[in-house]
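Here the structure is a predicted model, which means the values were calculated and not measured. Numbered from 1 within each chain, the chains take letters A, B, ... in sequence-line order.
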Amino acid sequence: MCCMGLPPIDLAVFHSEGYVRKQCRITDLWFWSTDATRDTCGDTSEDEYTFIGKPLIQGFAMRGKALKDAMREAFLTFFEQVEHTRIEPYPVLARWRDDIHLTIASIADFQPHVTSGDVEPPANPLTISQPCIRLTDVDAVGRSGRHLTTFEMMAHHAFNRPNDGKLYYWMEECVQYCHELMTSTFGIPAGEITYVENPWCGGGNAGAAVEVIVGGLELATLVFMNMEEHPDGDIELKGDRYREMPLQIIDTGYGLERFCWAAAGTPTIYEAIYPETVAWLKDLSGFSTISSQWPELNLDALLGEMSRLNGIMNIEPGVDAVELRSIFLRRLAERGISVTSEQFTAITEPLAKIYAIPDHLHALSHMLGDGLVPSNSKAGYLARMLARRTLRLRDDLGIQVPLAELAQHHIAVNLDGQSMKQTHDGLLGILELEEERYGEMIRKGGNVIVTQLKGLAKDADTVPDETLFHLNDSHGLAPDMVVALGQNAGWTNLQIRTGFAAEMAERHALIAKQAAQAVEQKPLVETIPQLPSTVALYYEDVQQREFDASVLAVRPLVGEDVPEGATHAVILDKSCFYPEGGGQEGDYGLLSTDSKHLEVLDTRKVGGHILHLVCGTFETGDLVHGSIDWNRRKQLMDHHTAVHIVGGAARRVLGPHIYQAGANKSVESGRLDITHFNRLSRSDLDAIESIANEVLGQVQRTEKTELNRKDADKKYGFDLYQGGAPKGNSIRILRIADHDIQACGGTHHDEPGQIGSIRIVRSAAVQDGVERLHIVAGQAALNYARKQDELLRKASDVYGIPTHDLPKTTERFYAEWKEQRKTIEQLEAEIVRLRTSGGGSDSSEIDGVRIVIMEVTGDLKKMTKMLKELTLDANQPTLAVLGSREGGGKLMIAVTEDTVASERYDAVALLRTIAPHIKGGGGGRPTLAQGGGSYPEGLDEALSAARSEVGL
RNA sequence: GGGCGUUUAGCUCAGUUGGAAGAGUGCUUGGUUUGCAACCAAGAUGUCGUGGGUUCAAAUCCCACAACGUCCA
């Protein structure tokens, strides 16, 4: 993280408050402290937490939600008093971004468009308390005493543009605000604060930064982001080159929960922010009875020391648990806390789980509250992972409370009054479903484990690594679950090999790294010269079909993804050809001059230019007349507007979590992918379809407006970006009454009624948590209906019945077919019996073995049935040779097992001798051989060869 | 977005090297029992997910599709 090479941060505020600049003897970082003798920066392996049992922030006696609320309010109020505008937090699902799923910091709200300078911030300067979720340290939550997956980042931001004379404040004022907040609002003595200079870089940006350390805990970071990565940059940091950027951003982050902890002085952060849930879970899990076994043990002292130790020990992930325990025991003993290994385990293990649960519930409630649907990919997977972790923690603790009930309790206590997009019942319903699916996984897992372990000796003590990897990756069974379930199933000595967890994590990291290598796509044309952007006529009038324009450039096509026959891209000064985008396919049509007509095979967009893909060229400066294939365009518009209407209808029928996960509109049909936690039934589809068609009649006109992003966000929120995050500052918004409002660059009908009708043909699961609706509208709907009719007609014509009798008749035919097939099999067997039992020419006997050599009809399957009749009766030792002329000739030979017949005859050897007569081969077991050939005419010879072979 | 797995009787699942589709449970009938549970005996139930391919022969090998599940980004 550290990038050296920046000048010292020497501010007047430091000097006036009595701070001196020193270098840390452990980290080498420069820091400011009022204590001239201090030689560590405050955040090192030698700086212990000093606030545990001795709160450093005064005046906040409450705990839990009340503490967080008070702390947040104090922070925001302070910055409002110094001219910052308070803004509402953004969702934890970062739907305005396509590079991250979750909001990981307050600055994430303003990336990438505000931080790049393209979009105005909602206020400037501003203050916010942004709920964030980071899952990278999920393993440490509960164990370390301080890690959280979900936290609020309190912040003050300023976006300066010194070139435009817009300078709000920079380092000096920023640190001054911070210092005043810490010392006056929160009453922290200046001597307890160290300001550490530690430059920051990440995500293509960099800048000087100051960490604010209080009592060994980093409470805040102040970043002065003023550089961006650039190959020609004149500042080198950590091997990358940076240059100054026009925007200079104050990016701060104050950890709300850490402030709460420093104010409460509790042994761990969890007791400060989730005291009710922790107490409840202790109760439910019977923790108090465990800890009361040892009345001589001071639990608070133990936990406090644990947190202090955790704070200074940088525990690498994957450190062996046994080793870690011995380190802790040794160091606790050094501090005068005597605890046995048994006591340590009995107390810390359940407690770590109790602490993690409210944290996970908090993150989960935020995510689901924002309308996320759990699934097995993308952001949904993160929610499922948290839900399953919580369930396992709960099960490990032996708590028998449904997940939904835990969440309900958590929300009532910790998230009261929080506005959520998802309904309360919807959220609990999703959790019930998740618990059901988890239970199902465990149940199936038991079977899978037994099957996988079958080859393993019952007294084995380890499971092969490959088996553990496989069970984890393919069946979701974590190694410790495998061991536990395996022990129940009889492998009582099983244990997890030391160091296995770390190896599995490494292996996953390696796989992820390999997968990260992106495939670069070749551009459509080599270069586009400096030209004005093409004027898009289709926005002014979606009905316009013809236009005149002049040719600005013609470029040969080089990309691979071009329509067949297209050789060149024509760029015009204006066009009403819609280029492929937003899931809507490009227009086709014609470009012509007086002497030349070129068919437009597809239309694309590169930058601000519309590329008409044609076979042939024009001269630059030619005046062309363009006309679009209107039937195609009309159909594409039908589907596009219909997709929006169906999306709105689905939201009304299924709930607020319905979000567009993708869409495509072609001439044949429209496709809409929506997020939902269950498969859709036909009656769901019917309900959506009905509402969609009602909208066609009710909404007279669609409303198309263009807003800048700041106003669009404010007016409509982030549901606008269902079709993906748009790039520019200007956003086109399509509003279909209150039914559906989206940012969309496609072409849409002014009057929805022009679509005619909408049919939802079917739904398919494109991935877990995402349903794909296939939609036909307008002419395509009519075509679809006709095609369906035709299918029905053709099917019923086969039977010669009216179409409404089709289901009944088909059912009857199928039942009869099954029955008759059975009868035929029985009859065939009967024929064989008759031909062989009567002692006819097909059957004879040699020394107590019945010999049956005969030609039959049928394939190998039927012949097998016949052979069964002949050779399965041990009381009648038999050698049977059957031949058929089907499919090039088939031969099958069987002898009754474990009888004199099988002793005397070898079916495979006999087959090999006679098969050449039908020019074939085959094989099998000594009691059953089968083969085939390519010369059915030789069957008679083959059978007589068999006769002479056995001596008939 | 990438990886992996599963799909066989109503249900839960076996099926080894490609060579005669199985078990447990449930079901039907009969027996035993005061009744239930249990037990004994006999029996029925299969588009081996769908569609192609390889092969004399495919539940098994290959390809595509579908449904379901799972790990990771």
Side-chain angles (χ1 to χ4, degrees), chain A residues 98-102 135-136 375-382 384-385 388 437-438 440-448 450-452 454-455 466-479 481 504-519 661-662 679 762-770 772 814 817-819 821-822 859-872 880 882-884 886-897 907-908 911-912 915-916 918-936 942:
Chain A
D98 48 19
D99 53 342
I100 51 173
H101 296 306
L102 299 170
L135 295 174
T136 43
S375 77
N376 58 16
S377 69
K378 298 186 180 168
Y381 172 69
L382 303 176
R384 174 159 294 166
M385 182 194 77
R388 293 199 167 172
R437 288 177 175 157
Y438 173 78
E440 183 71 1
M441 188 194 80
I442 300 291
R443 195 189 58 73
K444 289 209 163 145
N447 290 327
V448 174
V450 171
T451 308
Q452 291 279 325
K454 218 159 56 177
E466 280 311 311
T467 308
L468 283 183
F469 286 132
H470 174 78
L471 286 170
N472 184 76
D473 287 3
S474 303
H475 303 280
L477 299 162
M481 280 159 80
M504 192 162 81
E506 250 170 59
R507 189 170 151 140
H508 282 150
L510 191 73
I511 293 169
K513 208 171 163 186
Q514 286 166 350
Q517 281 154 8
V519 189
R679 295 306 311 270
R762 65 198 168 89
S763 71
V766 53
Q767 60 172 236
D768 191 27
V770 179
R772 172 164 295 173
Y814 184 64
W817 168 76
K818 270 167 87 169
E819 210 169 299
R821 193 183 52 169
K822 220 174 301 164
D859 57 13
L860 283 173
K861 207 150 197 172
K862 280 183 187 158
M863 292 164 79
T864 311
K865 296 255 189 241
M866 298 179 204
L867 280 177
K868 256 174 139 173
E869 286 293 336
L870 288 166
T871 62
L872 277 186
L882 301 186
S884 160
E886 206 160 287
K890 307 277 181 212
L891 284 168
M892 261 192 110
I893 303 175
V895 293
T896 312
E897 281 179 32
V908 176
L911 181 75
R912 295 250 160 87
I918 57 166
K919 295 185 179 160
R925 302 189 315 245
T927 54
L928 179 87
Q930 47 194 288
S934 54
Y935 184 64

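Counting only distance, with no hydrogens or angles, the side chain of A/Thr927 and the backbone of A/Glu897 share no donor-acceptor pair below 3.5 Å. At least one donor-acceptor pair closer than 3.5 Å links the side chain of A/Thr896 to the backbone N or O of A/Thr871.
Contacts of A/Arg507 with the nucleic acid, taken as non-hydrogen atoms under 4.0 Å apart, are absent. Nucleic acid contact class of A/Tyr438 (heavy atoms, under 4.0 Å, all strands): none. Heavy atoms of A/Met441 sit under 4.0 angstrom from primed sugar atoms or phosphate atoms, though from no base atom. Backbone-only engagement by A/Gly476 is indicated by non-hydrogen atom pairs under 4.0 Å involving sugar-phosphate atoms exclusively.
With both pairing distances under 3.5 Å, B/G49 is matched to B/C65 as a Watson-Crick or G-U wobble pair.
For the pair A/Ile100 CD1 and B/G1 P, the interatomic distance rounds to 19 Å; values are reported in whole Å. Rounded to whole Å, the distance from CZ on A/Arg384 to C1' on B/G69 is 9 Å. Atom NZ of A/Lys378 is separated from atom C1' of B/U70 by 17 Å (rounded to the nearest Å). We find that CG of A/Asp473 is positioned 12 Å from C1' of B/G2, with the value rounded to whole Å. In this structure, CG of A/Leu135 is placed 10 Å from P of B/A73, rounded to the nearest angstrom. As rounded to whole Å, 16 Å separates atom P of B/A66 from atom CG of A/Asp768. A/Arg772 places its CZ atom 13 Å from the C1' atom of B/A66, with the value rounded to the nearest Å. In this structure, the CG atom of A/Leu477 is 18 Å from the P atom of B/C4, given to the nearest Å.
A distance of 5.0 Å separates CG in A/Leu867 from CE in A/Met892, rounded to the nearest 0.5 Å. A distance of 7.5 Å separates CZ in A/Phe469 from NE2 in A/His508, rounded to the nearest 0.5 Å. Interatomic distance, A/Arg507 CZ to A/Asp473 CG, rounded to the nearest 0.5 Å: 7.0 Å.
Look at the P atom in both B/U7 and B/U12: the space between them is 12 Å, to the nearest Å. A distance of about 11 Å separates the P atoms of B/U47 and B/U8, rounded to the whole Å. To the nearest whole angstrom, the two P atoms, one in B/A38 and one in B/G24, are 16 Å apart. With C1' as the reference atom, B/A9 and B/G49 are 15 Å apart, rounded to whole Å. Spacing of P atoms, B/U60 relative to B/A37, comes out at 42 Å, to the nearest Å. The C1' atoms of B/C62 and B/U54 are separated by 7 Å, rounded to the nearest whole Å. Nucleotides B/A21 and B/A59 are separated by 8 Å at their C1' atoms, to the nearest Å. Taking atom C1' on both nucleotides, B/G10 is separated from B/A73 by 41 Å, rounded to a whole Å.
A heavy-atom distance below 4.5 Å is found between the side chains of A/His470 and A/Gln452.
The pair A/Arg388-A/Glu440 does not meet the salt-bridge criterion, since no charged nitrogen lies less than 4.0 angstrom from a carboxylate oxygen.
Each of B/A67, B/C71, B/G5 was ranked by its minimum atom distance to the side chain of A/Arg679; first place goes to B/A67. For A/Ala764, whose side chain is taken as the heavy atoms from C-beta onward, the closest listed nucleotide among B/A67, B/A73, B/G5 is B/A67. Ranking B/G5, B/C68, B/G1 by closeness to the A/His475 side chain, first place goes to B/G5.
When only modelled atom types and interatomic distance are considered, A/Gln767 and A/Ser377 share a side-chain donor-acceptor pair under 3.5 Å.
Ranked by how close their nearest RNA chain B nucleotide is to the 5' end, A/Gln767 and A/Trp817 are led by A/Gln767.
For A/Arg912, the salt bridge (Lys or Arg N to Asp or Glu O under 4.0 Å) criterion is met by no residue, not counting sequence neighbours.
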For this session: At under 4.0 Å between heavy atoms, which parts of nucleotides 8-28 of chain B does protein reach? Answer with one letter per nucleotide, 5' to 3': B base, S sugar-phosphate only, - none.
Result: ----SSS----BB--------

